[in-house]
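Excluded from the calculations below are hydrogen atoms, water molecules and symmetry mates; all remaining heavy atoms, backbone and side chain alike, are included. Throughout, a chain's letter reflects where its sequence line sits, starting with A, and its residues are numbered from 1.
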Amino acid sequence: MTDSLKNLKLVNKDAFQHDLIEWFSNEQRDLPWRKDKNPYKVWVSEIMLQQTRVDTVIPYFNRFIEQFPTINDLADAEEEKVLKAWEGLGYYSRVRNLQSAVKEVKEKYGGKVPDTKEEISTLKGVGPYTAGAILSIAYGVPEPAVDGNVMRVISRILSIWEDIAKPSTRKTFETAIYELISHENPSYFNQALMELGALICTPTSPSCLLCPVREHCHAFHEGVENELPVKTKAKKQRQVQLASVVIREDEKTVIHKRSSSGLLANLWEFPTVEVTSPFMFDKSYVEALLMEEIGIEVKLGQAVGKIEHVFSHLKWDIQVFEGELKAPIKEDENLKVVSPEEIVEYPFPVPHQKIMKQYYHEE
DNA sequence: AACACGTGGGC
DNA sequence: TGCCCAAGTGT
């Protein structure tokens, strides 16, 4: 690691901080979570922004804060409502952890978000990046907030050739930021690095001629900005075959709640079972699975269509069937018969929103 | 350390 | 189309 940071001492730290913060002061985007430094709002925004683009987050953030304006509002909310507010954002454990952590802040910290690295890091869903981001932005504490942007920008500034896909590499960048961070304005320093990564120092074809810190950039001087950062590529998604059934009963349909752990936890869907591809269209086999796993007696009708959905780590291939009940449903916490007006109250993952849109219409 | 965990946009 | 990516964390 010492060798990977060999250029650190060559940076004119004061000039770098000044040029970076000056640029951010003038060019930062007007974003809803930048209106004040309310630690709760900063927290919510940082959780939403994990692995998620700014443009995607903006409307979710505005609705979320309108619906849950304070820590107490979120702590006291029904989980179903919270999940519905997150519907479509993905990585749903983020919001489960957020609500759990907010309850802890309410009970253990009197409703005040902790302002030390040690305490804030114990909260569920708050890892090293989010801890540093909240501490620096909301409280002005000079802690690093190393995300993908920061690794990309700093790998170019300091010409660091470590693989940023490796978990251990983050420490190299934290060490660099501890050395480089402005103690005058850690909030702007951290945000400026991320903003620079988003607007100028982009993954492909960075706009070096517009960059406020190009004269401090080792990669620019060497002409290797397009070779950095080094990042090994992810492996391909695993294929999963599913069968879903849309059941029409009068003006209603049947929905089922997913497991409380794992993929899309606690979200609702049309009754769905995993099938091995040879049996994709074997109706009696799918009917048996629906009975065993969900407890519904269904007569499958025709296959009405197919939905494909790609996750980060797997690919769903859903065969959609029509079906009717052979026996009445016994509703419980995880199984409901709902009307079109009611179904919109339940949080659905995107693949099943696609089914709703294409194969489930009222009338 | 490696993998689970979502989604939509860009090229 | 397919692949990469975007303000990561938990296990």
Mind calculating the distance between [atom1] ([X]) and [atom2] ([N]) to the nearest angstrom?
X: A:Arg94; N: B:dA4; atom1: CZ; atom2: C1'; answer: 14 Å
X: A:Trp43; N: C:dT9; atom1: CH2; atom2: C1'; answer: 14 Å
X: A:Gln50; N: C:dC5; atom1: CD; atom2: C1'; answer: 16 Å
X: A:Phe311; N: C:dG2; atom1: CZ; atom2: C1'; answer: 17 Å
X: A:Leu199; N: C:dC5; atom1: CG; atom2: C1'; answer: 16 Å
X: A:Gln51; N: B:dT7; atom1: CD; atom2: C1'; answer: 11 Å
X: A:Arg258; N: B:dA4; atom1: CZ; atom2: C1'; answer: 13 Å
X: A:Gln237; N: C:dT1; atom1: CD; atom2: C1'; answer: 13 Å

For a quick check under 3.5 Å, do [X] and [Y] share a side-chain donor-acceptor pair by atom type?
X: A:Gln28; Y: A:Tyr188; answer: yes
X: A:Lys315; Y: A:His309; answer: no
X: A:Asn185; Y: A:Ser182; answer: no

A:Ser312 (side chain) and B:dG6 (base): donor-acceptor pair under 3.5 Å: yes
Answer yes or no: side-chain N or O of A:Tyr129 and base N or O of C:dG8 forming a donor-acceptor pair under 3.5 Å.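 Donor-acceptor pair under 3.5 Å: no.
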When the nearest nucleotide of DNA chain B is assigned to A:Ser168 and to A:Ala265 on a heavy-atom basis, which residue is associated with the more 5' position?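 Result: A:Ser168.
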Rounded at 0.5 Å granularity, tell me how far [atom1] in [X] sits from [atom2] in [Y].
X: A:Leu263; Y: A:His313; atom1: CG; atom2: NE2; result: 5.5 Å
X: A:Thr175; Y: A:Ile154; atom1: OG1; atom2: CD1; result: 12.0 Å
X: A:Ser277; Y: A:Met280; atom1: OG; atom2: CE; result: 8.0 Å

Of the nucleotides [options], which has the atom closest to the [X] side chain?
X: A:Lys231; options: C:dG10, C:dC5, B:dG6; answer: C:dC5
X: A:Pro167; options: B:dA2, C:dA6, C:dG8; answer: B:dA2
X: A:Asn97; options: B:dT7, C:dG10, C:dA6; answer: C:dG10

Before we go on, tell me: are the rings of A:Trp33 and A:Phe61 under 6.0 Å apart, centre to centre?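 For A:Trp33 and A:Phe61, the ring centres are under 6.0 Å apart.
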Any donor-acceptor pair under 3.5 Å from A:Lys84 side chain to A:Val344 backbone: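 Judged by distance alone, yes, a pair lies under 3.5 Å.
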Donor-acceptor pair, distance only, cut-off 3.5 Å: does the side chain of A:Lys103 make one with the backbone of A:Ala75?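 Looks like yes, one N/O pair under 3.5 Å.
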Pick base, sugar-phosphate or nothing for [X], based on heavy-atom distances below 4.0 Å to the nucleic acid.
X: A:Lys233; result: sugar-phosphate
X: A:Trp86; result: nothing
X: A:Val126; result: sugar-phosphate
X: A:Leu264; result: sugar-phosphate

Of the residues in residues 180-195 of chain A, which ones touch DNA chain C at a heavy-atom distance under 4.0 Å?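 Contacts with DNA chain C under 4.0 Å: A:Met194.
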Ignoring backbone atoms, test whether [X] places a side-chain nitrogen or oxygen under 4.0 Å from the OP1 or OP2 oxygen of [N].
X: A:Arg152; N: C:dC5; value: no
X: A:Lys315; N: C:dG2; value: no
X: A:His313; N: B:dC3; value: no

List, with names and distances, any nitrogen or oxygen atoms from the protein found under 3.5 Å away from nitrogen or oxygen atoms belonging to nucleotides 8-11 of chain B.
unit_1, atom_1, unit_2, atom_2, d
B:dG8, N2, A:Arg53, NH1, 2.2

Both A:Lys236 and A:Arg29 contact DNA chain C. Taking the nearest nucleotide for each, which residue is further toward the 5' end?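 On the 5' side of the pair lies A:Lys236.
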How do A:Ser121 and A:Ser45 order along DNA chain C: which one's closest nucleotide is nearer the 5' end? A:Ser45
Linking I/L/V/M/F/W/Y whenever any side-chain heavy atoms sit under 4.5 Å apart, do A:Leu264 and A:Phe348 land together?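 Per the 4.5 Å side-chain linkage, A:Leu264 and A:Phe348 are co-clustered.
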